[in-house]
Chemist: 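Just passing along the structure, written as structure tokens.
Please read these numbers as outputs of a predicted model, since none were measured by experiment. Protein chains get the first letters and strands the later ones, always in sequence-line order, with residue 1 at the start of each.
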Amino acid sequence: MATNLSKTYDPSQIEDRLYQKWLEKKYFHAEVDPNKKPFTIVMPPPNITGQLHMGHALDNTLQDILIRYKRMQGYSALWQPGTDHASIATEVKIIAKLKEEGIEKEDLGREGFLERAWDWRKEYGGRIISQLKKMGSSADWDRERFTMDEGCSEAVQEVFMKLYDKGYIYKGSRIINWCPVCQTSISDAEVEYQEQEGHFWHIKYPIVGEDGFVEIATTRPETLLGDTAVAVNPEDERYTHLVGKMLKLPLTDREIPVIADSYVDKEFGTGCVKITPAHDPNDFEVGKRHNLEEINILNDDATINENGGKYCGMDRYEARRVMVEELEQQGLLVKVIKHVHNVGTHDRCKTTVEPMIKKQWFVAMEEMAKPAMEALKTGELKFVPEAFGKTYMHWLENIRDWCISRQLWWGHRIPAYYCDKCGEIVVSREQPSVCPKCGHTHLTQDPDTLDTWFSSALWPFSTLGWPKKTPELEYFYPTDVLVTGYDIIFFWVIRMVFSGYEQTGVSPFHTVLIHGLVRDSQGRKMSKSLGNGIDPLEVIDKYGADALRMTLVTGNAPGNDMRFYWERVEASRNFANKVWNASRFIMMNTEGVDTSAVELSDLEDADKWILSKVNRLAKEVTENMDKYELGIALQKVYDFIWEEFCDWYIEMVKPRFYNAEDERSKAAACWTLTTVLIQALKLLHPYMPFITEEIFCNLQSEEESIMISAWPEYRADWDFAQVENRIERMKEAVRAIRNVRASMNVPPSKKADIFVVAEKEEVREAFTTSRAFFTALSNAASVTIQADKTGIGEDAVSAVTADAVMYIPLAELVDIEKEIARLTKEEKRLAGELKRSHGMLGNERFISKAPAEKIAEEREKLEKYTQMMEQVKEQLARLQKA
RNA sequence: GGAGACAUAGCUCAGCUGGGAGAGCAUUUGCUUGACGUGUAAAGGGUCGCAGGUUCGAGUCCUGUUGUCUCCACCA
């Protein structure tokens, strides 16, 4: 069977089949199991409108790695998946689709529209889930949830009621961000500021009853229609005499007062600010302080309303143009200055948002923010990397009340009812039949829905059954790690944390693992408009899911952005192929060899060395994984497999298969190859689930899957520190010889007799023990090991290591000049080392203050380099004489 | 205006609690050795942005500085 494996790894032949197997075997399913410890991750629910992009791919790869790791460690590891209804995003998509059919949202009515929305969800909502499966995601799909399913909706209602009863949810007229295109309010977090080139229009406001005027500067002249005052700083002597006087508001017949407010900066602009309480958050505050009238001049689509007089009906920008023109004609426009300023836009549609006063529902944040801040201080909540904790704190410290109502249909409808007669507000799960205040029997439900993030905020516990006290909630909650991008801390992480504390009394998770963005090869954000996005499915198609996953975690530290290069995917694919072929080699050579009687005492040096190495690797990788250093852990597994295992150990072992007849030795090699490979595959499995599973299953039959096999643990009986040194010595010797041969262009086919000269008996022993592979790896015709130089001709070149000199009689091939050059270079390197070492050991402060082990270490090095230097000098002298 | 991140080999990036500078790709040169050329062996290439400081010792800690980026605030 083994030899049937193809010469190169072909993921397309394997991935779907294995995923199907995992699904059928229910390996992803986590049960409440009192005999195990729980480990839980909630998947950030992708939007039902979503298509898998690199961000998802990265996010889910990290989660899958953690979940697979913990599952192998014996936890009942739950990765709780689901999707988000994504109110605005979805509603916009459906409206667009209706438009193609020539239908307006209003034509369908609320009921009809929702029907279409649910249809849409049924059709496309599962798309992203099936894409996540292509990644190898081992989420518990049996528990898949949706933010608008029955349970989640119940949780939303429950929270709304509780917060309302507590007075944390209130309805009020506040200045909010309004999107004129989406026609809904949006929260502060959804406003994205963009730098735009604009102008400063300096406009004269004539003083009533006097000749003079006041000059104000504005970036938005059209809002003049809503001005109800002009403010100056109370300490601004230029204007104190004007405070209390009235100004004639240009282009209107209104008169407005000059007021004094410290909000005004004397140094900025003209020092006079027009105050438009209805269309600017700061002016709104000023207006409140001075009891100013709030004049809303805009319709919901950002055209001027009837308060705008003759400009009524014009778009905001058209009105601006016309008004500026008229001001100029009237001589009231002083000047226009170019000005770059930040304009708030809606993050979904990029429309410039309009601050407006609207009656909306809000969540009071002050009290709920407190435990969320406390959580970070006490360490109940940690960010990886830590720096993001500051972002989190800063936002919480400056938090404002959260506008949660949206003028949309797709979402959780606000459970508030208004009495048709007296207007009483009743918040209730069910439609109330009677008004508790006036007894009227007709109440109408609030038409608005809740911000999508209101339900996402409950995700860690609503998905586990809350508000019901389910066994799942009891067992899996609080969850452990939340994995997400730094761009979503404000939207989601913070809201989950304060919701968790408010509703369940605990933080919903103890660690937030933050990752960066996947950018294109030029460092640009991948975006639809740029068309520079790379489809993860295309990558999987070409190189396999394992290669994609590996690419996404290699060489990347938490929280940092990364660039996507096809070259890197290729490198990952090459590694997969390497693993594949090493395994193929092992299968071919171990087939039919009985290893059942092999004991640790049968192992040869090389076997013990690699076993010891993989043993320590397991320990280190586990430590790295526990610290969320996933990139480092993978790098270590990669280096081990490619360098130590493939390039060294497999090469060391080959003579035992090809030449020797020693069955015992062969069996030991087979056992070691298989054992070490399995250990390495297990360590690699969380990163590359498919290829590791395929090989694992081909290698052995007792266990049915690597993904439910036990994670390698360090074991004392596999620790062979002494042997490791001996093999490292051999490697050094081989490298030294290869170096000599390479520098003289001796092809491997040209075998040489090698004489190893080592004074110490233990060194000669080490060479003797490893003679077989040493001969092969150094391309020797023969290896003679001796204590002195007896019988070695003067024409031999030499390779020097710390405790041995290897002589290679290659006289006819040797270019003396080259050899002298090589040795001179080596001499120079050693001189540098010696200088450094002498410097350190000659420094008495080092001797007196550094730890003893460091000093001992340094002394050893000094001794080693001194010996090597002597040898090199001797060889040089010999050559120069010749 | 406030905060944070990054600055290491030609390119993209690792480098954990301070103790002899690394990987991948690229470049140059060998290799039809019976797992793999998606391979293998070697080579070149870095004053770890700059300046101070702490320390026996700093890429790693502290301060300052320059440059790039991000987030928050939004002075109209």
Side-chain angles (χ1 to χ4, degrees), chain A residues 5 7-9 193 200 216-220 223 230-231 263-265 267-276 280-283 286 341-344 385 387-388 390-391 393-395 398 486-487 489-490 516-517 521 523 543 547 554-557 559-565 567-568 570-589 620 623-624 627 629 631-632 635 638-639 646-647 650-651 654 657-658 735 738-739 741-743 745-749 751 776 779 832-833 836-837 839-840 843-851 853-855 857-858 861:
Chain A
L5 295 177
K7 210 168 165 178
T8 51
Y9 174 57
Y193 286 91
F200 243 147
I216 59 97
T218 180
T219 53
R220 306 194 49 202
T223 61
V230 165
Y263 149 73
V264 180
D265 179 355
E267 312 300 322
F268 192 82
T270 61
C272 302
V273 186
K274 62 192 273 306
I275 300 297
T276 322
D280 183 282
N282 293 307
D283 293 5
V286 175
H341 62 143
N342 281 327
V343 177
F388 288 98
K390 293 203 175 176
T391 314
M393 281 304 269
H394 185 258
W395 173 271
N398 298 288
Y486 57 68
D487 51 337
I489 294 174
F490 307 128
L517 266 39
S521 60
Y543 294 95
T554 310
N556 183 242
N560 285 3
D561 289 353
M562 65 182 304
R563 299 190 190 198
F564 184 92
Y565 286 91
E567 290 86 343
R568 296 190 44 217
E570 262 175 53
S572 303
R573 184 273 318 265
N574 292 352
F575 177 63
N577 193 55
K578 186 73 182 176
V579 173
W580 183 254
N581 274 295
S583 306
R584 208 159 63 91
F585 168 85
I586 291 168
M587 290 177 206
M588 283 161 55
N589 286 287
E620 286 180 18
E623 284 167 3
N624 288 127
K627 286 190 279 183
E629 295 164 352
I632 294 174
Q635 187 66 48
Y638 175 98
D639 288 343
C646 293
D647 291 345
I650 288 183
E651 294 306 321
K654 278 179 180 174
F657 290 111
Y658 299 149
R735 270 194 292 253
R738 279 177 179 169
N739 208 292
R741 296 179 62 116
S743 72
N745 280 336
V746 183
S749 52
K751 306 284 184 208
N779 288 297
E833 297 288 4
R836 190 192 56 81
S837 206
M840 279 177 88
N843 183 342
E844 50 186 84
R845 283 178 304 181
F846 173 73
I847 302 294
S848 59
K849 296 205 174 179
E853 55 185 67
K854 285 287 163 198
I855 299 171
E857 202 175 284
E858 205 49 45
K861 283 179 197 167

Chemist: With rounding to the nearest 0.5 angstrom, report the CZ to CD1 distance, A:F657 to A:I650.
Modeler: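 Result: 9.5 Å between the selected atoms.
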Chemist: By the 4.0 Å heavy-atom rule, please label A:Y638 as base, sugar-phosphate, or nothing.
Modeler: sugar-phosphate
Chemist: Which is true for A:P851 with a 4.0 Å heavy-atom rule: it touches a base, it touches only sugar-phosphate, or it touches nothing?
Modeler: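 Base contact.
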Chemist: Report which part of the nucleic acid A:F490 touches: base, sugar-phosphate, or nothing (heavy-atom distance under 4.0 Å, all strands).
Modeler: sugar-phosphate
Chemist: Using a cut-off of 4.0 Å on non-hydrogen atoms, how would the nucleic acid contact of A:C272 be classed: base, sugar-phosphate, or nothing?
Modeler: nothing
Chemist: Heavy atoms only: give me the nearest A:S837-A:E858 pair and the separation to one decimal.
Modeler: OG-OE2, 3.0 Å
Chemist: Tell me whether the side-chain N or O atoms of A:N342 pair up with the base of B:C74 as donor and acceptor below 3.5 Å, since no angle test is needed here.
Modeler: yes
Chemist: Considering only atom P, compute the distance from B:G39 to B:A26 and round it to an integer number of Å.
Modeler: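 Going atom to atom, P in each nucleotide, I get 10 Å.
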Chemist: With the criterion being N/O to N/O and under 3.5 Å, what pairs connect the protein with nucleotides 44-48 of chain B, and how long is each?
Modeler:
from  : atom 1 : to     : atom 2 : distance (Å)
B:G44 : OP1    : A:K825 : NZ     : 2.9

Chemist: Assess whether one donor atom and one acceptor atom, taken from the side chain of A:R563 and the base of B:U12, lie less than 3.5 Å apart.
Modeler: no
Chemist: Please list every stem that involves RNA chain B, where a stem is a run of 3 or more consecutive Watson-Crick or G-U wobble pairs with both pairing distances under 3.5 Å.
Modeler: B:1-7 with B:66-72, B:10-13 with B:22-25, B:27-31 with B:39-43, B:49-53 with B:61-65
Chemist: So, under a plain 3.5 Å distance rule, would you say the side chain of A:K7 forms a donor-acceptor pair with the base of B:C36?
Modeler: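 Per atom types, no contact qualifies.
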Chemist: Are any of A:N745's side-chain N or O atoms less than 4.0 Å away from OP1 or OP2 of B:A42?
Modeler: no
Chemist: Would you please classify the geometry between the A:F388 ring and the A:Y486 ring as parallel, tilted or perpendicular, with 30° and 60° separating the classes?
Modeler: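 Geometry flag for A:F388 against A:Y486: parallel rings.
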Chemist: B:G67 and B:C50: how far apart are their C1' atoms, nearest whole angstrom?
Modeler: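 Taking atom C1' in both B:G67 and B:C50, they lie 11 Å apart.
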Chemist: So what does A:G631 hit on the nucleic acid, given a heavy-atom distance under 4.0 Å: a base, only sugar-phosphate, or nothing?
Modeler: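 Nothing, no heavy atom under 4.0 Å.
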Chemist: Would you mind classifying the nucleic acid contact of A:E651 as base, sugar-phosphate or nothing, using non-hydrogen atoms under 4.0 angstrom?
Modeler: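 Counting heavy atoms under 4.0 Å across all strands, the contact made by A:E651 includes a base.
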Chemist: What is the distance from CD1 of A:I632 to P of B:A14, rounded to the nearest Å?
Modeler: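 Taking atom P of B:A14 as the reference, CD1 of A:I632 is at 10 Å.
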Chemist: Which atom names give the shortest non-hydrogen contact between A:I855 and A:I847, and what distance separates them?
Modeler: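 Answer, listing the atom of A:I855 first, then A:I847: CD1-O, 3.3 Å.
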